[in-house]
2 protein chains.
Amino acid sequence: MKVRTASMPTLRLTPLAALEQAAECLKTLAHPHRLRIVQMLLQGRYTVGELAEACEIPSHMASEHLRLMQRCGFLTSEKDGRKNFYQIAEQHLASIMGCIESRFGCVP
Amino acid sequence: MKVRTASMPTLRLTPLAALEQAAECLKTLAHPHRLRIVQMLLQGRYTVGELAEACEIPSHMASEHLRLMQRCGFLTSEKDGRKNFYQIAEQHLASIMGCIESRFGCVP
DNA sequence: CAATTATATCGTTACATTTCGATATGTAAC
DNA sequence: GTTACATATCGAAATGTAACGATATAATTG
């Protein structure tokens with residue numbers, strides 16, 4: 001067993017309960033189409049159909065992805081006629097997406 | 001179909017192929033025990049047994065989590081006798097973990 | 001060499017997620 | 001009212017993932 005000494009700084013650990021929440025959110029984010037949807041919504045307001053077209057998937061599947069992300073607090077929606085516009089609700093998504101983009105490309 | 005105008009800035013989109021890679025990595029990260037392991041390794045070098053104890057899991061399961069994270073390039077390991085020390089290989093983990101901590105707690 | 005310790009791997013079971021077609025709901029156009 | 005459109009929901013099939021006990025390897029101790 002490791003014994004802590006004065007020369008050893010105390011280890012900062014987030015409680016497991018908080019890490020479970022974090023893992024849930026990351027799992028929700030961890031899908032290529034959902035990443036693209038978030039990336040688009042960080043740049044504007046879009047309808048289900050527009051997001052589906054950008055991801056090259058049928059709109060009923062985009063709808064499902066949006067429902068998942070709405071359920072964990074990432075997004076909100078506003079109906080306008082028969083269109084449904086989605087937008088970012090969780091502001092931390094900007095910084096997390098920034099990290100992802102800086103690692104996986106397409107940032108000058 | 002949405003028509004782009006001068007007042008509308010061009011939409012920056014990471015290619016789907018890159019988002020698939022990103023999603024893979026996020027999926028690997030999206031587990032409470034793996035998050036704790038990464039959080040610890042960002043603060044030092046630890047053995048399988050130490051990481052397992054901190055996560056309160058049997059060490060053969062810690063070993064499995066470590067294997068997954070090593071396989072996607074997050075970690076490397078160095079044997080010393082019968083102990084195996086793991087450490088961070090992917091430097092972007094620091095900033096991503098920073099985002100997660102700032103949202104899910106335990107940062108003053 | 002036998003026993004112990006630290007880590008890794010295997011095979012199975014249980015559970016969750018993704019995707020898809022079909023269908024439903026609500027709104028607008030004719 | 002009927003048709004077309006946008007979105008949402010349902011159920012099934014396929015696939016993926018997590019956890020576990022058992023077992024294996026490899027280094028150290030006695």
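Just so it is clear: chains get the letters A, B, ... in the order the sequence lines come, proteins before strands, and each one is counted from 1. For the numbers below, each heavy atom of this structure counts, side chains included, while hydrogens, waters and symmetry mates do not.
The nearest heavy atom of DNA chain C to A:His31 and to A:Arg82 marks one nucleotide each, and the one closer to the 5' end goes with A:His31. Nearer to the 5' terminus of DNA chain C, by closest-nucleotide assignment, is the contact made by A:Ala30 (compared with the other of A:Ala30 and A:His60).
Computed from coordinates, the B:Ile37 CD1 to C:dT7 C1' distance equals 13 Å when rounded to whole Å. Straight-line distance from the CG atom of A:Leu35 to the P atom of C:dT18: 12 Å, rounded to whole Å. Rounded to whole angstrom, the span from the CG atom of B:Asp80 across to the P atom of D:dA27 amounts to 12 Å. Rounded to whole Å, atom P of D:dT15 lies 16 Å from atom CD of B:Glu24. Atom-to-atom, CE of B:Met69 to P of D:dA18 comes out at 11 Å; the value is rounded to the nearest Å. Atom NZ in B:Lys83 sits roughly 11 Å away from atom P in D:dT29 (whole-Å rounding). Atom C1' of nucleotide D:dC10 and atom CD of A:Glu64 are separated by 10 Å, given to the nearest angstrom. At whole-Å resolution of the value, CG in A:Asn84 and P in C:dT25 are 17 Å apart.
Base pairing of C:dA28: its partner is D:dT3, meeting the Watson-Crick or G-U wobble criterion (both donor-acceptor distances under 3.5 Å).
Checking C:dT19, D:dC20, C:dT18 against the side-chain heavy atoms of B:Met61 singles out D:dC20 as nearest. When each of C:dC20, C:dA8, C:dT7 is scored by its nearest atom to the side-chain atoms of B:Thr47, the top-ranked nucleotide is C:dT7. Each of C:dA8, D:dA8, C:dT9 was ranked by its minimum atom distance to the side chain of A:Val48; first place goes to D:dA8. Here the side chain of B:Lys27 is nearest to one of C:dA8, D:dT17, C:dT18, namely D:dT17. Taking only side-chain atoms of A:Ser59, from C-beta outward, the nucleotide of C:dT7, C:dT9, D:dT7 with the closest atom is D:dT7. Side chain of A:His65, nearest nucleotide from D:dA18, C:dT19, C:dT7: C:dT19.
Electrostatic pairing of A:Arg12 and B:Glu101 does not count as a salt bridge here, judged by no charged N lying under 4.0 Å from a carboxylate O.
Under the 4.5 Å side-chain heavy-atom criterion for Ile, Leu, Val, Met, Phe, Trp and Tyr, B:Leu42 and B:Met69 are members of the same hydrophobic cluster. Clustering ILVMFWY residues whenever any of their side-chain heavy atoms sit less than 4.5 angstrom apart, transitively, puts A:Leu16 in the very cluster that holds B:Leu66.
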Worksheet item: Going through the checks in order, is the side chain to side chain contact (heavy atoms under 4.5 Å, CB included) test met by A:Leu29 and A:Leu35?
Response: CA-CA 6 Å; A:Leu29 203 56; A:Leu35 284 172; 3.8 Å; yes
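In this structure, the side chain of A:Gln43 engages the main chain of A:Gln39 through a donor-acceptor pair within 3.5 Å.
Of the side-chain N and O atoms in A:Ser63, one or more sit less than 4.0 angstrom from OP1 or OP2 of D:dA8. Not one side-chain nitrogen or oxygen of B:Tyr46 sits closer than 4.0 Å to the OP1 or OP2 atom of C:dT7.
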